[in-house]
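Structure record follows, encoded as structure tokens.
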Protein chains: 2
Amino acid sequence: MTGVQSIERAFAVLRALSLGPEGVTNLAKQVDLPKSTVARMLSALEAEGAVVQREAGGVYELGPLLDDLSPAGRAGTHLMRMARPFLNELVFVTNERAGLSIREGRDVLFLDHVSAVNEVEVRDWTGLRMPLHTIASGLVLLAHADAAELNGYFTEPLEQVTEHTVVDPTAITERVAAARGQGYAWTNSESVDGISSVAAPVRGTTGLVEAAIHVHGPAYRFPGEPGEQLVGEAVKEMAERLSNQMLRLD
Amino acid sequence: MTGVQSIERAFAVLRALSLGPEGVTNLAKQVDLPKSTVARMLSALEAEGAVVQREAGGVYELGPLLDDLSPAGRAGTHLMRMARPFLNELVFVTNERAGLSIREGRDVLFLDHVSAVNEVEVRDWTGLRMPLHTIASGLVLLAHADAAELNGYFTEPLEQVTEHTVVDPTAITERVAAARGQGYAWTNSESVDGISSVAAPVRGTTGLVEAAIHVHGPAYRFPGEPGEQLVGEAVKEMAERLSNQMLRLD
DNA sequence: CAGGTAAGTTCCACATCGTGGAACCGTTCT
DNA sequence: AGAACGGTTCCACGATGTGGAACTTACCTG
């Protein structure tokens, strides 16, 4: 099927604007279209809220609709604010690092990351993407996909990120089922060598799972003495408390 | 000027998908268009990266391009990760809260917010928007807009958020000029009663100002004994160190 | 296992919608 | 005052998008 010319042109304009605010004439040069065509694209995009004109007769920039549509942008304005106190509490309780993530296609996208203050040089996971099957957060997000989706996930090659990464569909299906059952999942060195992680699902305002919170730390000391079950249950409980607050807000 | 039908329809589909993943038939019902029309929109949006199909023949969801285009999404994947250690350090040095923000049209959008651990009930600014003229971050972002843009900002009514909000264009222009000169700006109770804030501009990989970092705290104790200049210079220096790292990455 | 149902995909005759050159308007500069 | 530049608007024209219908695939039921 061929494309849709106006959609291609509109997104060319949006991509040009992602480099910084620009006027009609400069945008026309960048996307190699007549000024009247670019003006019409901008007018239509402005009506949608995808661009805004900084002042009448002036430059255009990307608009708020894109934050509303962007999974990372949307989570950033609401879910992150709700989640932050729970992540802080998990850091306090476990003395490890905690984070929030969402699913993006075949990846986990880490939106927020909390460490103890003074860990200034920590490697922050904010903005990282990892394949779903390689990290606890991904397993709990897959646990709440339907069977066709899970099967669909296996139709493309699964990346072997470390030597410990599980890439056998049958084994992953079992782990996903276990995650569904107990409400949390663990991984160890499957995405980052030497790091273990536990995650639990967060329901959004619609009641559907739309994020995960996790705690991770060096495998040599985490989870340590409390054991996987006690720590897993603590993360699960925190995720449920966060989910309840999300549901109460609508 | 009339709109562009295909752009209107494409964004109708994107808005429908922002409620959750959906198939062609359901989307057709939601946007009240024939299945073939919706299929063509989806195919074009998929080619752009604005949507992805979870598996062949299955449901569609919003795609990674939207995070790439979204100002909040883009900052969330790169700038936030770079900024976090600097915010942590500012919290440590000032014993107040620190944050990162970007400009969105006439507003400041707060993307990240760091407090000391254990302040579990803190009111987090992540996701908040405030008009540019009411908060230090906004003044430093306006300080790096050109004169036409600043004049354009004044063509629309300026919101009186608190009784202390400065809404006189001449006075704002002076403050913006001062911010440009000294490299930081202060506000006190202009956006939130009883809160003072100091901000400095952050340059992105292109060398242009694209964000601000700030520290804020209760006005009765912040900035306290070090004084506005010493604290302002500290924030400015942190912003410059962050800017240097951003520039080095490209 | 055959038949029915539903969802996604593809085709193509048709006409509606998007195109882009040109003119216009306002602002800035010399 | 005139030139230059950028944004806006108009409209004759034809290229592109439309949507009904048919097709394909997968799943469910008796």
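Numbered from 1 within each chain, the chains take letters A, B, ... in sequence-line order.
- Along DNA chain D, the nucleotide closest to A:Ile7 and the one closest to A:Gly23 are compared, and the more 5′ of them pairs with A:Gly23.
- Protein atom CZ of A:Arg40 is 11 Å distant from nucleotide atom C1' of D:dC11, rounded to whole Å.
- Using a 30° and 60° split on the angle between ring planes, A:Phe110 and A:His214 fall in the perpendicular class, above 60°.
- For C:dT19, one of the phosphate oxygens OP1 or OP2 lies less than 4.0 angstrom from a side-chain nitrogen or oxygen of A:Arg9.
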Distances under 3.5 Å between nitrogen or oxygen atoms of protein and nucleotides 21-29 of chain C:
{"residue": "C:dG21", "atom": "O6", "partner": "A:Ser36", "partner atom": "OG", "Å": "3.0"}

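- Here A:Glu22 lies out of heavy-atom contact (under 4.0 Å) with every strand.
- In this structure, CD of B:Gln53 is placed 13 Å from C1' of D:dT25, rounded to the nearest angstrom.
- Between the P atom of D:dT16 and the CD atom of B:Gln5 lies a distance of 16 Å, rounded to the nearest Å.
- Taking the C1' atoms of five terminal pairs at each end of the helix from C:dC1-D:dG30 to C:dT30-D:dA1, the two resulting helix axes are inclined by 40°, rounded to 10°.
- One can place CG of B:Leu42 at 15 Å from P of C:dA7, the figure rounded to the nearest angstrom.
- In this structure, A:Leu27 places its CG atom 12 Å from P of D:dG6, rounding to the nearest Å.
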Below 3.5 Å, can you tabulate the donor-acceptor pairs from side chains in residues 172-182 of chain B to any protein atom, sequence neighbours excluded?
{"residue": "B:Thr173", "atom": "OG1", "partner": "B:Pro169", "partner atom": "O", "Å": "2.7"}
{"residue": "B:Arg175", "atom": "NH1", "partner": "B:Glu190", "partner atom": "OE1", "Å": "2.7"}
{"residue": "B:Arg175", "atom": "NH2", "partner": "B:Trp186", "partner atom": "O", "Å": "3.1"}
{"residue": "B:Arg175", "atom": "NH2", "partner": "B:Glu190", "partner atom": "OE1", "Å": "3.4"}
{"residue": "B:Arg175", "atom": "NH2", "partner": "B:Glu190", "partner atom": "OE2", "Å": "3.0"}
{"residue": "B:Arg180", "atom": "NE", "partner": "B:Ala143", "partner atom": "O", "Å": "2.9"}
{"residue": "B:Gln182", "atom": "NE2", "partner": "B:Tyr184", "partner atom": "O", "Å": "3.1"}

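- Proximity of B:Leu33 to B:Arg9: side-chain heavy atoms (C-beta onward) are separated by under 4.5 Å at one or more points.
- Computed from coordinates, the A:Leu45 CG to C:dG18 P distance equals 13 Å when rounded to whole Å.
- Residues passing the salt bridge (Lys or Arg N to Asp or Glu O under 4.0 Å) test with A:Glu22: none are found, sequence neighbours excluded.
- Rounded to a whole Å, the CG atom of A:Asp32 is 10 Å from the P atom of C:dG20.
- With sequence neighbours excluded, the residues forming a side chain to side chain contact (heavy atoms under 4.5 Å, CB included) with B:Ala28 are B:Lys35, B:Val38, listed by chain and number.
- Checked against salt bridge (Lys or Arg N to Asp or Glu O under 4.0 Å), A:Arg15 has the following partners two or more places apart in sequence or in another chain: B:Glu48.
- Nucleotide D:dG7 holds its C1' atom 16 Å from the CE atom of A:Met41, rounded to whole Å.
- Here the nucleotide nearest the side chain of A:Ala39, chosen from D:dT9, C:dG18, D:dG6, is D:dT9.
- A heavy-atom distance below 4.5 Å is found between the side chains of A:Pro21 and A:Arg54.
- In this structure, B:Thr165 and B:His133 have side chains that are in contact, with non-hydrogen atoms separated by less than 4.5 Å.
- Contact detail for A:Met130 and A:Ser191: the closest heavy-atom pair is SD-OG, 3.0 Å.
- Checked against C:dT9, D:dG7, C:dG20, the side chain of A:Leu33 finds its nearest nucleotide in C:dG20.
- Contact annotation: A:Tyr60 does not reach the phosphate of D:dG6 (side-chain N/O to OP1 or OP2, under 4.0 Å).
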